[in-house]
Amino acid sequence: MSRRWSVLAAVLLATLIVAAALPASAHLHERVGDIEFTVGWASEPAFAGEPNTIQVFVTEALPAEGEEEGPPVDSRQVKLTVEVIFGDKDATTKMAAVPLEPFAFGSPGEFRVETFVPSRPGTWTFHFKGTIKGEAFDKFYTSGSKGAIEGTEYSDVKEVAAVSFPEKDQTNADLARALDQTRKTAATAAQAAKDDAKNARLFGIIGIALGAIGVALGLRSRGKKAAS
């Protein structure tokens, strides 16, 4: 590799490492005691039906004003689980916040949960519970809400159709409603077919009965004629 390409590769690598080490601007920041807590979607904005994960940075809070963040808190001092809540507790699940070691462009003090797919657009809440530096930590962070530090928040989950190009496909909610309607239509058709089958059987029985009555009347009439 030429010296020029070596320099370019080194610059690119350094840029990626620095970018990965900085908390995303579309995250919610809050100072809790002597730590700085930063939380949001790893990929902002988040879209329904697209894989994503929760990204957290836990750093020391610097006493000096104007400083963005302090050194990272040792991952061994952070023990957190995350309750992921959709809407008004329409659905919940719990996951562990795992430290992302400084490889693969991760950074010290960064934690993530297992990758999952937020399947519905709307408001999501992350409930963190556990300990940081031996102190109890129990906090709720809701998408679309402003952080304690002015101008910080993480986004609600959006419909992917809003940014689709060239065509806007049906959303997950649209597909779910269509599937539900199809099921209802199929159930109605099955019940109608069942009712039709019952009616056909009833009409068949009535037809047989009427035929039997006709035969009986015919035999009776013939018997009377023979007797006369």
Side-chain angles (χ1 to χ4, degrees), residues 16 19-20 22-30 37-58 75 78-101 103-107 109-130 132 137-149 151-190:
L16 290 173
L22 295 175
S25 59
H27 283 29
L28 188 151
H29 304 264
E30 182 180 34
F37 200 80
T38 303
V39 58
W41 297 104
S43 179
E44 289 269 5
F47 291 100
E50 297 294 324
N52 214 323
T53 185
I54 300 167
Q55 184 180 45
V56 178
F57 294 89
V58 184
S75 62
V78 180
K79 307 292 181 185
L80 294 173
T81 59
V82 188
E83 181 185 18
V84 184
I85 305 168
F86 170 65
D88 187 18
K89 290 204 171 183
D90 298 325
T92 66
T93 187
K94 288 186 178 181
M95 304 180 183
V98 179
L100 192 66
E101 299 300 333
F103 61 81
F105 305 124
S107 61
E110 181 178 356
F111 299 80
R112 298 192 184 192
V113 302
E114 183 179 352
T115 298
F116 66 101
V117 177
S119 58
R120 289 288 182 270
T123 301
W124 291 68
T125 299
F126 306 149
H127 175 202
F128 290 86
K129 193 170 185 179
I132 298 177
F137 190 91
D138 191 345
K139 290 278 187 175
F140 290 82
Y141 298 98
T142 301
S143 64
S145 300
K146 300 296 182 181
I149 297 178
T152 67
E153 64 178 315
Y154 72 95
S155 71
D156 291 341
V157 174
K158 304 179 184 299
E159 285 284 12
V160 72
V163 294
S164 296
F165 178 83
E167 295 182 0
K168 293 185 178 181
D169 294 330
Q170 285 186 303
T171 65
N172 288 342
D174 291 335
L175 293 173
R177 284 191 291 268
L179 180 59
D180 185 57
Q181 185 58 46
T182 299
R183 287 174 176 166
K184 289 179 179 178
T185 301
T188 301

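Numbers for residues simply follow the sequence, beginning at 1.
With rounding to the nearest 0.5 angstrom, the CD atom of E159 is 10.0 Å from the CZ atom of F47. Atom OG1 of residue T92 and atom CZ of residue F86 lie 12.5 Å apart, to the nearest 0.5 angstrom. Distance check, rounded to the nearest 0.5 Å: CZ of F140 to CD1 of I85 gives 5.5 Å. Distance check: M95 CE to L80 CG gives 15.0 Å after rounding to the nearest 0.5 Å. The NE2 atom of H27 lies 9.5 Å from the OG atom of S155; values are rounded to the nearest 0.5 Å. Atom-to-atom distance recorded for K129:NZ and D138:CG is 5.0 Å, nearest 0.5 angstrom.
Distance alone, capped at 3.5 Å, is enough to place a donor-acceptor pair between the T53 side chain and the V113 backbone.
When each of F37, F111, Y154 is tested with F126 by the rule ring-ring contact (aromatic ring centres under 6.0 Å, His included), just one qualifies, namely Y154.
Here the closest heavy-atom approach between residue I132 and residue V58 is recorded as CG2-CG1, 4.0 Å. Nearest heavy-atom pair across P99 and S75 is CB-CB, 3.6 Å. The minimum heavy-atom distance linking E50 with P118 is given by the pair O-CD, 3.3 Å. Pairing each heavy atom of P45 with each of K158, the nearest pair is CB-CE, 3.9 Å. Taking each heavy atom of G122 and S143 in turn, the nearest pair found is O-OG, 4.2 Å. V157 and A48 get closest at one heavy-atom pair: CG1-N, 3.3 Å.
Taking the side chain as every heavy atom from C-beta outward, V78 and F137 never approach each other to under 4.5 Å.
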